[in-house]
Protein chains: 2
Amino acid sequence: MSTTIDPNHILPRYYQLLTILRDKIDKGEWQPHQAIPSERQLEVLYSVSRTTIRQAVGMLSRQGLVYQQHGKGTFVSPRKLQKGLVELTSFSEDMQQRGLIPGQRILEIRNMEPPPPEILVYLELPPDTPSIFRVERVRTGDDQPIGLQTSFLALPAGQTITQAELEQRGSLYTILQERFNINLHSADETLEVTIANPREAQLLEVPEGSPLLLSERVLWTNDHRAVEFVRILYRGDRYRYTVRLTR
Amino acid sequence: MSTTIDPNHILPRYYQLLTILRDKIDKGEWQPHQAIPSERQLEVLYSVSRTTIRQAVGMLSRQGLVYQQHGKGTFVSPRKLQKGLVELTSFSEDMQQRGLIPGQRILEIRNMEPPPPEILVYLELPPDTPSIFRVERVRTGDDQPIGLQTSFLALPAGQTITQAELEQRGSLYTILQERFNINLHSADETLEVTIANPREAQLLEVPEGSPLLLSERVLWTNDHRAVEFVRILYRGDRYRYTVRLTR
DNA sequence: TAGTGGTCTAGACCACCCT
DNA sequence: GGGTGGTCTAGACCACTAA
C-alpha cells in the first residue's frame, strides 16, 4: 500500500490522500481523540495544496472518522463513530456485515401485467406502465430464516430476470448494476411494527401473531429516478436495525 | 428575503448562496429534474468565485436537494428526495414535523446513585462515575400517548435538572444546549420489535402483549463524547420510522 | 467543438484557541 | 503571538456530454 501521492495516478489526489489517512486511523497509528497533522503540515508532507487536503479531510469528517475543531485541530473520532451506519446496503451485504452467510429461497418470480397501482405510485411511474417485475423470497442468514422480501422493479421494456440468473448472482443489486447499468444512489426507508399472519408465520418459522419489523424502501438511481420498491418483513427476534443520525 | 450576496454579511457567502438557491427550489421557481444555472453562470450572477459556488452546490447535493451530472449540469431533485430524512431530531421536533402537537407526562426524574453499570458502558463513562440523571416520560402527540421515553444523562458534576425546568422548556435538548452549552452532533440508533409488558401497556394505553417499536439511542456531542442514552418504546400502531440511506 | 462539472494550485485574510 | 481550521479568490487543466 502506498503512503505517498502520485500526481499521475488515475485516482484523484484528494482520494489517494483520503485512503492514506483512513488507513492510518484504521491501523491505530493515530488513536481516538488524538490530533492528526494540521492542514499546513499535510500540505508539506504530501505535496498537495491545502484545498486538496481540505477536500480529503472534509470527506473523512462527514464520514465520521475525524472531527474538526476551529482553532484547535483535527482529531480522530472514537471507534464507535467510525462505522458508517447510514449506508445503503443490500440484504446480502447487510448479512455479511453481521457475520452471517446470506441465502435465499425464491418463492415466486414473474412480471405483473398490469402492475398494482400502488406500486406505480411508489415508483412514480405513469399509470399506463405495462408491467412490473416482482420477486418474492425468503432471505436467510446462516440458513435460518430472517426475512420475507418482496421486490418490485421497473425494468427496461421487454427485459426480465430469470430465476436461474437470480440464483446464480444472489443479489438483485448486482444484476441491476452489471446487466442494466443502473447504479443506486439512495433509498427512503420506513420501518414499522406488525404481526405475522398465518402465511408469513409459516414461511418465517415463527408462531402466528409474532411481532415483525416491516421495512419498506424506495430505491433511487444516480439520476434520481425511482427504480425499485422493496418490502421486507423481518423476524422480530432475529433482526435489529441500526442507523446513524446527524444534526 | 435577500436575493443577492452581501460580502460584508456576518454569514459566509457560500451559506448566503445556499439559502438563495434552496429558496428557489422550495418555491418551485426551479422544477424537479430541471437544470439550475451552471457554475460559471452562477459566478457571474452572484459575483463570487467558482470555489464558493461549488461549496454551496456541494452542500445542496449532499442534502439531496440537487444532483450533479458530470458534463451535463446540476438538476433539481424530485420532491420526495428533498426532505432530509437522516436528521437527528428530538421527540418534540419529530412530532412537529408530523404535524402533531408534542406533549409529555413526567413519570420520574432523579439522580441515580450509583448509576446502572450498563448505562455507563453505553456512555463510555468510568465505573466510578458518581451519578447519572434519569428521566422517564410518557410522550404524546395531540394528547395521545405515542411513546414511553427513558433518558440517561451524564450531567456536569453537581448539576441537575428540575421537573419544573423540564416542564417549562419541554425538551431536554434545549436545556442541554442553552444551560450546559452542549451541542449535539450525531446519534447511533438501533430499532427492534418488542411486546408490551403490563406496565408499558397501561402507560401507553394498549393491550398487554401489543407490538412496540423499541428505539435506543446514544447521543454524541460536537467533540464526539457520549452525553445521553435514550430508550423510547413507541406504540406500534401510532409510529412509523423513516430514514434516508445513501450509497 | 462548446459547455458542463471535477480536480487542483498558490496564494490571501479571518475567526478561534491557547499560552 | 503563533498555530489552527474556515472562507475566499482567480486562475488552470481535465473528463464527460451532446450537438
Side-chain angles (χ1 to χ4, degrees), chain A residues 4-21 30 33-62 64-77 181 183 185 221-224, chain B residues 4-21 30 33-62 64-77 181 183 185 221-224:
Chain A
T4 58
I5 289 175
D6 172 8
N8 302 315
H9 198 282
I10 325 119
L11 292 172
R13 287 167 229 196
Y14 78 86
Y15 193 83
Q16 296 181 52
L17 178 60
L18 186 149
T19 306
I20 293 171
L21 299 179
W30 293 330
H33 298 295
Q34 183 187 331
I36 74 170
S38 76
E39 297 176 352
R40 269 96 174 169
Q41 287 169 348
L42 290 172
E43 272 191 280
V44 180
L45 284 170
Y46 295 102
S47 306
V48 288
S49 75
R50 193 165 156 229
T51 312
T52 303
I53 303 283
R54 280 185 64 77
Q55 188 170 2
V57 175
M59 289 179 74
L60 286 176
S61 168
R62 284 192 293 276
L65 269 78
V66 301
Y67 56 97
Q68 295 176 286
Q69 291 194 299
H70 196 169
K72 294 179 76 175
T74 301
F75 306 87
V76 177
S77 297
N181 199 27
N183 285 293
H185 171 272
T221 60
N222 272 352
D223 57 351
H224 290 225
Chain B
T4 59
I5 290 174
D6 173 9
N8 301 315
H9 197 282
I10 324 119
L11 293 172
R13 289 169 226 194
Y14 78 86
Y15 193 81
Q16 295 180 54
L17 178 60
L18 187 149
T19 306
I20 292 170
L21 299 179
W30 293 330
H33 298 296
Q34 182 186 331
I36 74 169
S38 77
E39 296 176 352
R40 271 98 176 168
Q41 287 169 345
L42 290 171
E43 272 192 279
V44 179
L45 284 170
Y46 295 101
S47 306
V48 289
S49 74
R50 190 160 159 234
T51 311
T52 303
I53 302 282
R54 280 185 65 77
Q55 189 169 2
V57 175
M59 289 179 74
L60 286 176
S61 169
R62 284 193 293 276
L65 270 78
V66 301
Y67 57 97
Q68 295 175 286
Q69 290 192 299
H70 196 170
K72 294 179 77 176
T74 301
F75 306 87
V76 177
S77 296
N181 201 25
N183 285 294
H185 171 272
T221 60
N222 273 351
D223 57 350
H224 290 225

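Convention: sequence-line order gives letters A, B, ...; per-chain numbering from 1. Note: hydrogens, waters and symmetry copies are ignored here, and every other heavy atom, side chains too, is used.
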To the nearest Å, give me how far apart [atom1] ([X]) and [atom2] ([N]) are.
X       : N      : atom1 : atom2 : result
B:Leu17 : D:dT9  : CG    : P     : 11 Å
B:Glu43 : C:dG3  : CD    : P     : 15 Å
A:Glu39 : C:dA10 : CD    : C1'   : 15 Å
A:Ile53 : C:dG11 : CD1   : P     : 15 Å
A:Ile10 : C:dG6  : CD1   : C1'   : 17 Å
A:Leu42 : D:dT4  : CG    : P     : 10 Å
A:Gln16 : C:dT7  : CD    : P     : 12 Å
B:Tyr46 : D:dC8  : OH    : P     : 16 Å

CZ-OG1 distance between A:Arg13 and A:Thr51, expressed to the nearest 0.5 angstrom: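 The OG1 atom of A:Thr51 is 12.0 Å from CZ of A:Arg13, to the nearest 0.5 Å.
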Could you give the distance from CG (A:Leu60) to CD (A:Gln68), rounded to the nearest 0.5 Å?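 If I round to the nearest 0.5 Å, the distance is 9.0 Å.
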Base, sugar-phosphate, or nothing: which does [X] touch, judged by heavy atoms less than 4.0 Å apart?
X       : result
A:Val48 : sugar-phosphate
A:Gln41 : sugar-phosphate
B:Thr51 : base
B:Ser38 : sugar-phosphate
B:Arg13 : sugar-phosphate

Is the distance from OP1 or OP2 of D:dT17 to the nearest side-chain N or O of B:Gln69 less than 4.0 Å? no
Excluding sequence neighbours, so at least two apart, what forms salt bridge (charged side-chain N to carboxylate O under 4.0 Å, His left out) with B:Arg40? none
Select from B:Thr74 and A:Tyr15 the residue whose nearest nucleotide in DNA chain C is closer to the 5' end of that strand.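 Result: B:Thr74.
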Taking all non-hydrogen atoms of both residues, which atom of B:Phe75 and which atom of B:His33 are closest, and how far apart?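 Minimum heavy-atom separation between B:Phe75 and B:His33: CD2-O, 3.6 Å.
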Go through [options] for me and flag the one nearest to the [X] side chain.
X       : options             : value
A:Arg54 : C:dT7, D:dC8, D:dT7 : D:dT7
B:Gln68 : C:dG6, C:dC8, D:dT9 : C:dG6
A:Ser49 : C:dT7, D:dG6, C:dT9 : C:dT9

Qualifying residues under side chain to side chain contact (heavy atoms under 4.5 Å, CB included), relative to A:His9, sequence neighbours excluded: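 With neighbours one apart ignored, the set is A:Asp6, A:Leu11, A:Gln16.
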Can you sort out the partners of B:Tyr14 under ring pair (Phe, Tyr, Trp, His ring centres under 6.0 Å), two or more places apart, ordered by chain and number? none
Let me check the geometry of the helix from C:dT1-D:dA18 to C:dC18-D:dG1. What is the bend angle between the axes at its two ends, five pairs each, to 10°?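 Roughly 10°, once rounded to the nearest ten degrees.
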Begin with the C-alpha distance, continue with both residues' side-chain angles, and end with the deciding distance and a verdict on side chain to side chain contact (heavy atoms under 4.5 Å, CB included) for A:Leu65 and A:Ser77. CA-CA 5 Å; A:Leu65 269 78; A:Ser77 297; 5.5 Å; no
Donor-acceptor pairs under 3.5 Å, side chain of residues 42-50 of chain B to any protein atom, not counting sequence neighbours: which ones?
{"residue": "B:Glu43", "atom": "OE2", "partner": "B:Arg50", "partner atom": "N", "Å": "3.4"}
{"residue": "B:Ser49", "atom": "OG", "partner": "B:Thr52", "partner atom": "OG1", "Å": "3.4"}
{"residue": "B:Arg50", "atom": "NE", "partner": "B:Glu39", "partner atom": "OE1", "Å": "2.8"}
{"residue": "B:Arg50", "atom": "NH2", "partner": "B:Glu39", "partner atom": "OE1", "Å": "3.0"}

Do nucleotides 12-19 of chain C as a string where each nucleotide becomes B, S or -: B if the base has a protein heavy atom under 4.0 Å, S if just the sugar-phosphate does, - if no protein is that close. BB-BBSS-
